[in-house]
There are 2 protein chains.
Amino acid sequence: MMDQKQEMYEFVNRGDEHYMAHISIDSVIFGFHANQLKVLLVKIRHDDRWALPGGFVRKEETMEEAADRVLRERTGLNNIFLRQFHVFSDIHRSNTEKFLELMRSEGIEVKKNNWLTQRFISVGFYALVNYEDAIPSSNWDSEVCEWFDLQNVGELILDHNKIIESALETMRRQLNFQPIGYNLLPEKFTMPELQRLYETILGKTLDRRNFQRKMLGYGILDRLEERRKGGAHKAPYLYKFNLEQYQKALKEGLQGGW
Amino acid sequence: MMDQKQEMYEFVNRGDEHYMAHISIDSVIFGFHANQLKVLLVKIRHDDRWALPGGFVRKEETMEEAADRVLRERTGLNNIFLRQFHVFSDIHRSNTEKFLELMRSEGIEVKKNNWLTQRFISVGFYALVNYEDAIPSSNWDSEVCEWFDLQNVGELILDHNKIIESALETMRRQLNFQPIGYNLLPEKFTMPELQRLYETILGKTLDRRNFQRKMLGYGILDRLEERRKGGAHKAPYLYKFNLEQYQKALKEGLQGGW
DNA sequence: TTATCAATGTGTTTTACTGACACAATGATA
DNA sequence: TATCATTGTGTCAGTAAAACACATTGATAA
């Protein structure tokens with residue numbers, strides 16, 4: 001078994017044997033917990049800042065498979081909702097100087113024209129995971145991996161703030177066409193929880209009563225007999241998505257704007 | 001001035017000095033004419049089939065700049081509506097054998113590990129052009145370049161049929177958020193023409209009277225005093241987009257579904 | 001010259017949906 | 001046991017959508 005430094009050396013100096021040059025993926029992994037939309041970030045070594053989990057594309061992988069692999073490595077989850085949404089290809093989006101500095105800090109020699117010092121274009125993906133199920137995990141190229149409140153991500157490296165913004169906008173537009181509620185919420189949830197999710201994604205408040213009427217009108221929710229106990233107030237009903245009806249409704253798009 | 005064969009030789013054997021390996025763009029260039037949605041295609045040399053206009057990405061270009069350059073080369077048009085919509089990265093989407101066969105036909109020597117024999121992922125773009133203004137032009141790597149009715153493109157090379165389908169679906173989803181009518185129609189147009197455009201994109205017929213009421217309700221059209229003469233029937237009014245109002249309305253999205 | 005006819009311009013009616021709002025029920029806490 | 005924030009349910013007016021009818025126009029054909 002290789003140690004961490006050797007693993008890094010191999011990747012830096014021989015990665016181009018297995019990975020495609022110039023092409024990377026970055027994933028905005030969303031979760032929802034305590035009425036907050038969360039994003040999974042990783043801490044860069046020798047840098048105060050955080051970054052989106054990302055990775056490179058093996059020569060025998062599609063972009064989707066690469067994104068799926070990165071997601072699995074970071075959350076332990078399989079078969080997760082994952083969609084590409086934009087290609088980021090600004091000329092100066094990579095930062096070769098930072099990379100070389102990091103390698104110096106790690107004591108790793110980098111030869112001229114190393115594949116990682118060249119320009120990378122990155123395909124942005126967004127993933128929707130059940131917060132409870134995900135187990136944030138770091139690896140050899142990141143110190144820490146943890147959830148952040150969306151409003152609280154601070155300044156990230158490179159164009160990663162822009163990528164998150166773009167992912168959020170995509171999700172907003174696709175709210176009526178993708179099973180976003182289903183993938184972000186646990187199996188059972190309350191109507192207020194679903195509403196908070198919608199409000200967070202849309203960035204505006206919605207009328208509680210109209211929201212419920214419209215949601216139930218779609219016929220995609222099954223109300224359970226249980227209620228959520230433990231809150232300081234009236235116990236709300238629990239709901240489940242009726243997956244069959246949900247899928248059917250999404251094909252045409254849920255009708256009406258927010 | 002290089003002749004055509006020499007130009008091709010240079011591109012094939014030294015293109016990797018100027019272009020990025022593994023990355024290409026393909027553009028679905030839409031036009032609208034005679035109540036038909038059109039797509040611009042190019043004819044492949046030594047092959048019966050047609051293809052989407054595409055190209056490679058210069059080392060100093062963004063994806064958008066590359067797509068813009070290709071569009072300019074094929075239509076003569078500048079400053080055109082152009083949006084990326086999906087990355088196509090299937091492992092076997094390239095066809096190295098076909099490429100080598102083509103090179104043999106042209107009598108061009110291809111060395112082992114030539115950059116063009118490697119895997120390419122392609123970023124799909126769609127463009128909306130004014131049919132009247134575009135001047136379809138071929139170049140050294142394509143025999144012919146011309147418009148096809150969307151329903152009539154036949155079997156294209158590689159995954160290009162799939163790319164068109166994906167572009168059309170994207171356009172359908174973005175109909176209320178992008179100035180699609182403005183970019184596809186000439187400056188002056190009639191309400192029935194606008195309706196045919198919507199119907200073609202959506203793939204369904206719309207009620208004439210409801211369409212007009214809704215369209216005018218947006219306040220994005222100015223009716224002119226002129227009418228379109230020459231038809232066999234009652235002469236319809238001509239309209240223009242009120243660009244200022246249109247842009248403003250698109251920011252929030254045109255309300256209501258189709 | 002005039003009747004024809006397909007296509008356009010302009011309504012109306014009915015129904016469904018949205019937005020704004022009011023009040024009763026619940027259940028932990030004080 | 002009273003309090004109170006939160007949830008469950010209902011109403012009403014205004015708006016938008018779907019379905020539909022009739023008059024107008026202008027080239028074409030009789």
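We name chains A, B, ... by the order of the sequence lines, and we start the count at 1 in each one. Here the structure is a predicted model, which means the values were calculated and not measured. Side chains are part of it too, since the values below use all heavy atoms of this structure and drop only hydrogens, waters and symmetry mates.
Nucleic acid contact for B/G230: none, since no nucleic acid atom lies under 4.0 Å from a heavy atom of the residue. Counting non-hydrogen atoms under 4.0 angstrom, A/R223 reaches the backbone sugars and phosphates but no base. Residue A/G256 is in sugar-phosphate contact alone, with no base atom involved, counting any heavy-atom pair closer than 4.0 Å across all strands shown.
At a cut-off of 3.5 angstrom, the base of C/dA22 holds at least one donor-acceptor pair with the side chain of A/R209. Side chain A/N210 to base C/dA20: a donor-acceptor pair is found below 3.5 Å.
Salt bridge present: B/R69 and B/E73 bring a charged side-chain N and a carboxylate O closer than 4.0 Å.
The stretch residues 232-242 of chain B touches DNA chain C through B/H233, B/K234, B/P236, B/Y237, each having a heavy atom under 4.0 angstrom from the strand.
B/L128 has its side chain within reach of B/M171: a pair of non-hydrogen atoms, C-beta onward, lies under 4.5 Å apart. Here the side chains of A/V123 and A/V87 are in contact, with some heavy-atom distance below 4.5 Å.
Taking the ring centroids of B/F241 and B/F189, they lie under the 6.0 Å cut-off.
In this structure, A/R208 places its CZ atom 11 Å from C1' of D/dA5, rounding to the nearest Å. Per the geometry, CZ belonging to A/F211 stands 16 Å off P belonging to C/dA20, to the nearest Å. Computed from coordinates, the A/K229 NZ to D/dT6 P distance equals 19 Å when rounded to whole Å. The distance from atom CG of A/L216 to atom C1' of D/dG10 is 14 Å, rounded to the nearest whole Å. Between the P atom of C/dG27 and the CZ atom of A/R227 lies a distance of 6 Å, rounded to the nearest Å. Residue B/K204 contributes atom NZ, which lies 12 Å from atom C1' of D/dA17 at whole-angstrom precision.
Considering B/L184, B/N183, B/I180, B/I201 as possible partners of B/F30, the one that fulfils the side chain to side chain contact (heavy atoms under 4.5 Å, CB included) test is B/L184.
For A/R49, the side-chain hydrogen bond (donor to acceptor under 3.5 Å, both in side chains) partners at least two apart in sequence or on another chain are A/D47.
Neither side chain, A/Y126 nor A/Q178, offers a donor N or O lying under 3.5 Å from an acceptor on the other.
Nearer the 5' end of DNA chain C, as judged by each residue's closest nucleotide, is the contact made by B/R213, out of B/R213 and A/K214.
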